[in-house]
Structures are given as structure tokens and as C-alpha cells.
Amino acid sequence: MPKQKSTGFNPKKEVSVMAWIENDGGSLLLVRQAAGQKPWTLPGGKVKRNQSLERALKREVREETGLSVRASEYLQMYDRPKRGAITILFRVLVQRQIDRMHFPAAEIADLGFFDRLPANATPSAKFFWKSKDLPSLRPAWPKFGLRRKKPKKSDGR
């Protein structure tokens with residue numbers, strides 16, 4: 001039997017999940033990887049075989065930050081066809097407050113909340129950061145009770 005030609009099509013992709021975690025001031029939680037060029041990125045990582053996206057997200061965030069979270073909503077997807085990878089971004093809610101976040105020294109070198117993306121950031125962090133002003137990534141605040149009232153002008157009496 002003759003050997004069939006390969007079409008080069010490989011339907012498998014590596015799937016990763018990332019967490020969008022903001023503090024009360026709107027700053028975003030980033031972690032700095034300990035390997036290679038030590039880039040900054042959003043907490044997250046690869047989904048294991050037969051693992052749900054939410055379970056992978058919870059596991060990765062707990063491993064990298066010590067936080068216990070749950071996914072609250074899907075935000076966006078970053079497809080990198082040349083790398084055979086796809087990353088799915090979720091807004092997460094912190095379920096358990098802890099006094100101090102921690103991270104494993106072997107995988108994560110540092111973490112913190114940022115108002116600006118550090119220059120040394122991963123492609124996925126850059127992609128999601130550029131998209132952060134899209135309506136889908138803005139917090140869905142209720143329309144009532146959150147607007148600051150303008151002070152009334154005094155008429156000098």
C-alpha cells in the first residue's frame with residue numbers, strides 16, 4: 001500500500017488560560033516568570049489533558065499567586081497559529097482573601113499590581129493589555145450609586 005502524503009494540517013493546539021485580576025484601584029495583577037528573559041505576564045498557564053478551563057485557571061492562579069479564584073466571565077481569546085497555541089482570558093473573582101500573596105521561587109520571580117505594562121512583557125500580556133480599553137474588558141459597574149455628584153456652585157450667600 002502506498003504511503004499517503006501528509007497535508008501538514010495538525011488540528012491540535014496548545015491551550016492556555018490567563019486571569020484578569022484588578023485591585024480596587026483598577027491596577028492589574030502581573031507575575032514575572034523566573035525562567036529565560038524573565039518576562040511579565042498575566043497569571044495562568046497550560047490546560048492539562050482532560051481538565052476543564054476553569055479548573056486549569058484555578059490551579060494556575062493558585063500555584064502562581066496563592067489566590068483562590070473562580071472564573072466570572074470569558075473576556076477574549078488570543079490565537080497564535082504559527083505557534084500552535086491559543087490563550088483564553090477570563091475575568092476572575094478572588095474567593096479567599098489572604099494577608100500576603102506568595103509565589104513559588106522556581107516558576108515565578110515576582111508579582112505585583114501595575115497601571116502600565118512593563119517593557120519586558122510576554123506577547124499574550126501585550127495583546128490583552130492593548131485590548132483592555134475595549135468594552136468587553138471594562139468592569140460592568142452598575143449605573144446607579146457609583147457616580148460622584150458634582151459639587152453645587154455656591155452663590156456666595
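What's counted below: heavy atoms across the whole structure, side chains too, no hydrogens, waters or symmetry copies. Index from 1, following the sequence.
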Using 30° and 60° as the class boundaries, would you call the ring planes of Tyr78 and Phe127 parallel, tilted or perpendicular?
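Because their plane-to-plane angle is under 30°, the rings of Tyr78 and Phe127 count as parallel.
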Is there side-chain contact between Val47 and Val17, with at least one heavy-atom pair below 4.5 Å?
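A side-chain contact under 4.5 Å exists here.
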Any side-chain heavy atom of Leu28 sitting closer than 4.5 Å to one from Leu42?
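Yes; the side chains approach each other to less than 4.5 Å.
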Show every donor-acceptor pair shorter than 3.5 Å between a side-chain atom in residues 30-41 and any protein atom, with sequence neighbours excluded, or say none if there are none.
| residue | atom | partner | partner atom | Å |
| --- | --- | --- | --- | --- |
| Thr41 | OG1 | Thr122 | OG1 | 3.0 |

Closest approach of Val15 and Ile88, non-hydrogen atoms and distance?
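Heavy atoms of Val15 and Ile88 come nearest at CG1-CD1, 4.1 Å.
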Can you see which heavy atom on Val61 is nearest to which on Pro43, and at what distance?
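Closest approach of Val61 to Pro43: CG2-CB, 4.2 Å.
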Quick check: does any side chain N or O of Glu64 sit under 3.5 Å from a backbone N or O of Gly44, one acting as donor and the other as acceptor?
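Side chain of Glu64 to backbone of Gly44, a donor-acceptor pair under 3.5 Å: yes, one is there.
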Can you list the residues that meet the side chain to side chain donor-acceptor pair (under 3.5 Å) rule with [X], with sequence neighbours excluded?
X	answer
Asp79	Lys13
Ser72	none
Glu54	none

Residues in salt bridge (Lys or Arg N to Asp or Glu O under 4.0 Å) contact with Arg80, at least two apart in sequence or another chain:
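Not a single residue meets the salt bridge (Lys or Arg N to Asp or Glu O under 4.0 Å) criterion with Arg80.
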Identify, with sequence neighbours excluded, every residue that meets side chain to side chain contact (heavy atoms under 4.5 Å, CB included) alongside Ala121.
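Listed in chain order: Leu117, Ala125, Lys126.
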Using the side chain to side chain contact (heavy atoms under 4.5 Å, CB included) criterion, which residues pair with Asn23? Sequence neighbours excluded.
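Checked Asn23 against side chain to side chain contact (heavy atoms under 4.5 Å, CB included); matches are Ser27, Phe113.
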Which residue pairs pass the salt bridge (charged side-chain N to carboxylate O under 4.0 Å, His left out) test with at least one member in residues 39-50, sequence neighbours excluded?
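Non-adjacent pairs meeting salt bridge (charged side-chain N to carboxylate O under 4.0 Å, His left out): Glu14-Lys46.
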Salt bridge (charged side-chain N to carboxylate O under 4.0 Å, His left out) partners of residues 108-122, not counting sequence neighbours, each pair once
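Sorted result for residues 108-122: empty, none.
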Taking it one step at a time, do Met18 and Phe128 satisfy side chain to side chain contact (heavy atoms under 4.5 Å, CB included)?
CA-CA 10 Å; Met18 288 189 152; Phe128 292 132; 4.0 Å; yes
Begin from the C-alpha positions of Leu29 and Phe114 and carry the test side chain to side chain contact (heavy atoms under 4.5 Å, CB included) through to its verdict.
CA-CA 6 Å; Leu29 180 64; Phe114 291 81; over 6 Å; no
